[in-house]
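Following: one structure in structure tokens, then a few remarks.
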Amino acid sequence: MQTFAYRRPASLQEAVSLLAAQGEQARVLAGGTDLVIRLRSGDERPAFVVDIKRIADLPAGIREEAGRVTIGATTTMTELAASPVLRRHFRALAEAAAVVGSVQVRNRATLAGNVCNASPAADTAPSLLVYDATVVALGPGGVRRIPIDDFFVQSGVTTLASGELVTSIELPIPGHRTGAAHVRRTRRRGHDLASVTLCCSVDEAGVTRLAYGSVGPRPVVFTDRTGTLADPARSDEAGTAILEEMFAGASPSKRSMRAGPEYRLAMLRVLGRRALASAIERLAEARANG
Ligand SMILES: Cc1cc2nc3c(=O)[nH]c(=O)nc-3n(C[C@H](O)[C@H](O)[C@H](O)COP(=O)(O)OP(=O)(O)OC[C@H]3O[C@@H](n4cnc5c(N)ncnc54)[C@H](O)[C@@H]3O)c2cc1C
């Protein structure tokens, strides 16, 4: 591992000044479950590593206020998976967090790190897209609010500017009753990244949102506002036509070591239908529970 300077700022101002001064030479360290591996392998050779875990004024934990839920940048997957607030309003995100890596990984890995790392296979990305999350970033120019769909560019690349730090991720609480589910396919149980990771939501107004990752350079989201997918009595033909349009956004790599493109596309179709059925079921449950 190449030598680097380690900094642990105590305030946001200090962190932003450090990041702005070092630019491309600096890397943010949160849980380190992605970054430390790349430091060890030499894939990343920053001159500065800025540890954000001891910043007193960085929003912490999960807060519900003013019609939205705010998740602080250092919030771990373990916290997300156990959160009653997420289980109530954003169940699919809690489900996604619960399957990331292993217990040890989830105890370190943060949600902000998962999105900033921008792996096409990031398990939290599909649910964040479905729930229309906003990434809140702080940089030398002040606060910037980035819709999650405008955040991902391609593997390892986001629209976060050099010197910017993600401080939180916000989720608007849905105005309608919603059912949602996260599903994924991995090569084996445990610690592998997904071959397909997917989230589907259906709301009372008949809007269906489907997002998926690991089958293209970045995770993508599609919306059906016709009410067709949300209707459990739809014909197979009508449902298939819309789903196929959504699946057409997939372009799995031929070079991946995890799964071939044909397998991923087949699994995308299976998981898409499975998640849709589960979302419809959960919406019915939500209605039944008042
Ligand atoms: C064994 C193992 C299994 C895994 N399994 C899965 C899995 O099943 N599903 C999955 O999705 N992921 C998996 N991962 C990947 C990883 O755990 C996640 O991507 C994790 O959420 C990253 O968060 P972190 O806090 O550890 O980020 P770090 O490693 O600290 O950082 C990751 C990247 O994001 C940047 N960054 C972090 N926080 C911020 C911030 N606040 N502002 C700006 N930039 C920031 C860092 O500079 C770095 O480039 C696995 C990793 C391992 C080692």
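Counting starts at 1 for both ligands and their atoms, following the listed order.
- Ligand-side atoms of ligand 1 in range of Thr33: 16 (C), 17 (O), 18 (C), 20 (C), 22 (C), 23 (O), 24 (P), 26 (O), 29 (O), 53 (C), range being under 4.0 angstrom from any heavy atom.
- Atom CD of Gln2 sits in a crowded spot, with more than 12 heavy atoms from other residues, nucleotides or ligands closer than 6.0 Å.
- Checking Asp224 against Thr226 by side-chain atom types alone, a donor-acceptor pair falls below 3.5 Å.
- Closest of all the heavy-atom pairs between Lys53 and Asp51 is N-OD1, 2.9 Å.
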Exercise for review: Could you give me the CA-CA distance, side-chain angles and deciding distance for Thr134 and Ile146, then say whether side chain to side chain contact (heavy atoms under 4.5 Å, CB included) is met?
Suggested key: CA-CA 5 Å; Thr134 297; Ile146 311 159; 5.8 Å; no

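- At a threshold of 4.5 Å between side-chain heavy atoms, the hydrophobic network of Ile, Leu, Val, Met, Phe, Trp and Tyr places Leu268 and Ile242 in one connected group.
- Within ligand 1, counting atoms from 1 as listed, the ones closer than 4.0 Å to a heavy atom of Leu160 are 43 (C).
- Of all the atoms in ligand 1, the ones that sit under 4.0 Å from a non-hydrogen atom of Arg38 are 48 (C), 49 (O).
- Remark: side-chain polar atoms of Arg218 are paired, donor with acceptor, to backbone N or O of Asp149 under 3.5 angstrom.
- Taking every heavy atom of Gly31 and a limit of under 4.0 angstrom, the matching atoms of ligand 1 come to 24 (P), 25 (O), 26 (O), 30 (O).
- Between Asp57 and Ser11, the side chains place no donor N or O within less than 3.5 Å of an acceptor N or O (distance only, hydrogens not considered).
- Residue Glu164 has no N or O atom closer than 3.5 Å to an N or O atom of ligand 1.
- Between the choices Asp123, Val28, Asp34, the shortest heavy-atom distance to atom 9 (N) of ligand 1 belongs to Asp123.
- Residue-to-ligand polar distances keep Ala109 apart from ligand 1: every N/O pair is separated by 3.5 Å or more.
- Within the 4.0 Å heavy-atom cutoff, Glu44 does not count among the residues contacting ligand 1.
- Under a 4.0 Å heavy-atom criterion, Gln104 is not in contact with ligand 1.
- Residues Thr197 and His182 bring a donor and an acceptor atom of their side chains to less than 3.5 Å of each other.
- At a 3.5 angstrom cut-off on N or O pairs, Gly101 counts as close to ligand 1.
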Check your understanding: Hey, mind stepping through Phe48 and Tyr6 against ring pair (Phe, Tyr, Trp, His ring centres under 6.0 Å) and telling me if it holds?
Key -> CA-CA 6 Å; Phe48 283 83; Tyr6 172 81; over 10 Å; no

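- Between the side chain of Arg282 and the main chain of Ala180, a donor-acceptor pair closer than 3.5 Å is present.
- Checking side-chain atoms of Thr78 against main-chain N and O of Asn107 turns up a donor-acceptor pair under 3.5 Å.
- Using a 4.0 angstrom heavy-atom cutoff, Arg106 does not count as in contact with ligand 1.
- Residue Met267 comes nearest to Val196 through the heavy atom pair CB-CG2, 4.0 Å, listed as atom of the first residue, atom of the second, then distance.
- Evaluated by nearest non-hydrogen atom to atom 28 (P) of ligand 1, the leading choice among Gly32, Cys116, Ala137 is Gly32.
- Within the 4.0 Å heavy-atom cutoff, Thr124 does not count among the residues contacting ligand 1.
- Remark: distances from the non-hydrogen atoms of Thr167 to ligand 1 are all 4.0 Å or more.
- Scanning Ile55, Leu193, Val49 for the heavy atom closest to atom 6 (C) of ligand 1 points to Leu193.
- For ligand 1, the atoms closer than 4.0 angstrom to any heavy atom of Val99 are 8 (O).
- Taking every non-hydrogen atom of Leu35 and a distance limit under 4.0 Å, the qualifying atoms of ligand 1 come out as 29 (O).
- The distance from ligand 1 to the heavy atoms of Met77 drops below 4.0 Å at these ligand atoms: 21 (O).
- Nearest approach of Leu93 to Tyr131, heavy atoms of both residues: N-CE1, 3.8 Å.
- Atoms of ligand 1 lying under 4.0 Å from at least one heavy atom of Ala122, given by number and element, are 11 (O).
- By the criterion of a heavy-atom distance under 4.0 Å, the side chain of Ile37, and not its backbone, is placed next to ligand 1.
- Across the listed options Val105, Val50, Ile52, Leu19, Val105 owns the non-hydrogen atom lying nearest to atom 1 (C) of ligand 1.
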